[in-house]
Amino acid sequence: MLSTDFVPGAPNWLDLGAPDTDAAVSFYSATFGWQFQSAGPQGGGYGFFVQDDKTVAGLGPLTEAGASPAWTLYFHTPDADATAKAVEQAGGTVRVAPDDVFSFGRMGQFTDPAGADFAVWQPGDTKGVDLVSKPNSLTWAELYTTDAAGAKDFYRAVFSWQTADMDMGPDMTYTVLTPAGGTEENSHGGLMQLPQENLDRGSQPEWHPYFEVADPDATLARATEAGGTVIIPAADAEGIGRLAMLLDPSGAPFAIIKSATPESS
């Protein structure tokens, strides 16, 4: 699971692009108990979800024409410009070229060859979020893709991730992702092929976050009362934990989990 060591290739930031940031604050405050702090006049409407005075995520208005509400996961890089070149060489697209965010760090946003958006964060004054793998904070990053084999090749080329395939039953494989040189204990995410029935319902390749929670059923109840939609009801996964997936009121997907063995940050 994640830690705030933020080794290269590990998720170190995430933010939500929302059509109505006030509505997003209301929903996530009701669901997770987060507070919101504005980045100020220079932030262009951007701000931070905070828990116990620790930043757990960012929030900002949608800025790209035609963009859909979504969580964006950022992965640590020591050199955002080099990563941008690696993305292009591996067949991905540079959506937003690397640029400095004041003295906080340098970021770039990309799209993988199958169409899933992601980003990188090169730390400056801000290393990443302050809290992970604790209740109501990021604990896992997951990719649904139309080309699982191609995704493994792409992300290995860009981040040097290690991959390990797990048989999940007939015609279903889950690939666990680990930073270069890491072990199973610091794996940070997974990827899997989108089932055909999901594609038939209009699903597209996308990354989404998992948030650790103390009680998935209670969290789902709060989320639905606040206007969220359950995609996958809470269920137990042996050796993994109890998890569920949902959409926020604007349609951004995310998941929650009470891990069988939650890690410390």
Side-chain angles (χ1 to χ4, degrees), residues 11-75 95-111 116-121 124-132 134-139 141-142 204 206-213 219-231 244-256:
N12 61 348
W13 191 260
L14 73 162
D15 57 25
L16 173 67
D20 183 337
T21 55
D22 289 339
V25 169
S26 178
F27 172 77
Y28 287 98
S29 295
T31 300
F32 294 128
W34 291 343
Q35 298 175 316
F36 180 73
Q37 293 180 354
S38 171
Q42 77 279 13
Y46 197 86
F48 310 99
F49 285 121
V50 175
Q51 176 172 286
D52 299 328
D53 296 322
K54 295 183 177 180
T55 300
V56 293
L59 168 67
L62 292 172
T63 56
E64 294 181 64
S68 299
W71 283 97
T72 298
L73 285 151
Y74 292 68
F75 301 97
R95 203 171 70 256
V96 179
D99 197 10
D100 291 332
V101 183
F102 303 105
S103 63
F104 302 126
R106 189 168 177 83
M107 61 84 74
Q109 297 188 353
F110 313 108
T111 303
D117 294 338
F118 68 102
V120 296
W121 181 254
D125 294 341
T126 298
K127 306 304 179 186
V129 293
D130 297 325
L131 194 69
V132 298
K134 296 289 188 180
N136 305 319
S137 68
L138 179 68
T139 194
E142 193 165 78
Q204 299 292 324
E206 52 93 6
W207 282 96
H208 60 261
Y210 275 72
F211 297 106
E212 186 73 35
V213 295
T219 303
L220 274 185
R222 291 193 300 271
T224 53
E225 184 176 354
T229 302
V230 177
I231 302 175
M245 186 175 295
L246 56 160
L247 301 175
D248 73 14
S250 71
F254 66 99
I256 57 174

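Since this is a predicted model, take the numbers as computed values, not measurements.
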- Message: What verdict does the side-chain contact (heavy atoms from CB on, under 4.5 Å) test give for Val132 and Thr139, after you've listed the backbone C-alpha separation in whole Å, the side-chain angles of each residue and the deciding distance to 0.1 Å?
- Response: CA-CA 6 Å; Val132 298; Thr139 194; over 6 Å; no
- Assess whether side-chain contact (heavy atoms from CB on, under 4.5 Å) is satisfied between Val129 and Val56, documenting all intermediate values. CA-CA 5 Å; Val129 293; Val56 293; 5.7 Å; no
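With sequence neighbours excluded, no residue forms a side-chain hydrogen bond (donor to acceptor under 3.5 Å, both in side chains) with Trp121. Gln109 is linked by a side-chain hydrogen bond (donor to acceptor under 3.5 Å, both in side chains) to Tyr74, Arg95, counting only residues two or more places apart in sequence or in another chain. With sequence neighbours excluded, the residues that form a side-chain hydrogen bond (donor to acceptor under 3.5 Å, both in side chains) with Glu142 are Tyr174, His208, Tyr210. Residues forming a side chain to side chain contact (heavy atoms under 4.5 Å, CB included) with Leu246 (at least two apart in sequence, or on another chain): Leu220, Ala223, Phe254, Ile256. A search for side chain to side chain contact (heavy atoms under 4.5 Å, CB included) contacts involving Tyr46 returns Trp13, Asp15, Phe48, not counting sequence neighbours. Judged as a side-chain hydrogen bond (donor to acceptor under 3.5 Å, both in side chains), and not counting sequence neighbours, Asp53 has no contacts. Listed by chain and residue number, nothing satisfies the salt bridge (charged side-chain N to carboxylate O under 4.0 Å, His left out) test with Arg222 (two or more places apart in sequence, or in another chain). Residues passing the side chain to side chain contact (heavy atoms under 4.5 Å, CB included) test with Pro19, sequence neighbours excluded: Leu62, Pro69, Ser250. Remark: Asp248 pairs with no residue by the salt bridge (charged side-chain N to carboxylate O under 4.0 Å, His left out) rule, at least two apart or across chains.
Residue pairs meeting the side chain to side chain donor-acceptor pair (under 3.5 Å) criterion with at least one partner in residues 33-44, sequence neighbours excluded, do not occur; the list is empty. Applying the salt bridge (charged side-chain N to carboxylate O under 4.0 Å, His left out) test to pairs two or more places apart or on separate chains, those with a residue in residues 96-109 are Asp81-Arg106, Asp100-Arg106.
Pairing each heavy atom of Trp71 with each of Pro209, the nearest pair is CB-CD, 3.6 Å. Scanning all heavy atoms of the two residues, the minimum distance from Asp125 to Ser103 falls at OD2-OG, 2.5 Å. Here the closest non-hydrogen pair linking Ala141 and Pro11 is CB-CG, 4.1 Å. Here the closest heavy-atom approach between residue Ser137 and residue Leu131 is recorded as CB-O, 3.5 Å. Nearest approach of Lys127 to Asn12, heavy atoms of both residues: O-ND2, 3.5 Å. Between Gly228 and Pro249 the shortest heavy-atom distance is N-CG, 4.2 Å.
Annotation: side chain of Val213 is not in contact with side chain of Pro135 (no heavy-atom distance under 4.5 Å). Side chains of Thr21 and Phe36 form no contact here, defined as non-hydrogen atoms less than 4.5 Å apart. Looking at Thr72 and Asp117, their side chains never come closer than 4.5 Å, going by heavy atoms from C-beta outward. For the pair Leu14/Leu73, a side-chain contact is recorded, criterion being any heavy-atom separation below 4.5 Å from C-beta on. For the pair Thr219 and Thr31, the minimum side-chain heavy-atom distance is below 4.5 Å.
Here the side chain of Glu225 pairs no donor or acceptor atom with the backbone of Ala30 at under 3.5 angstrom.
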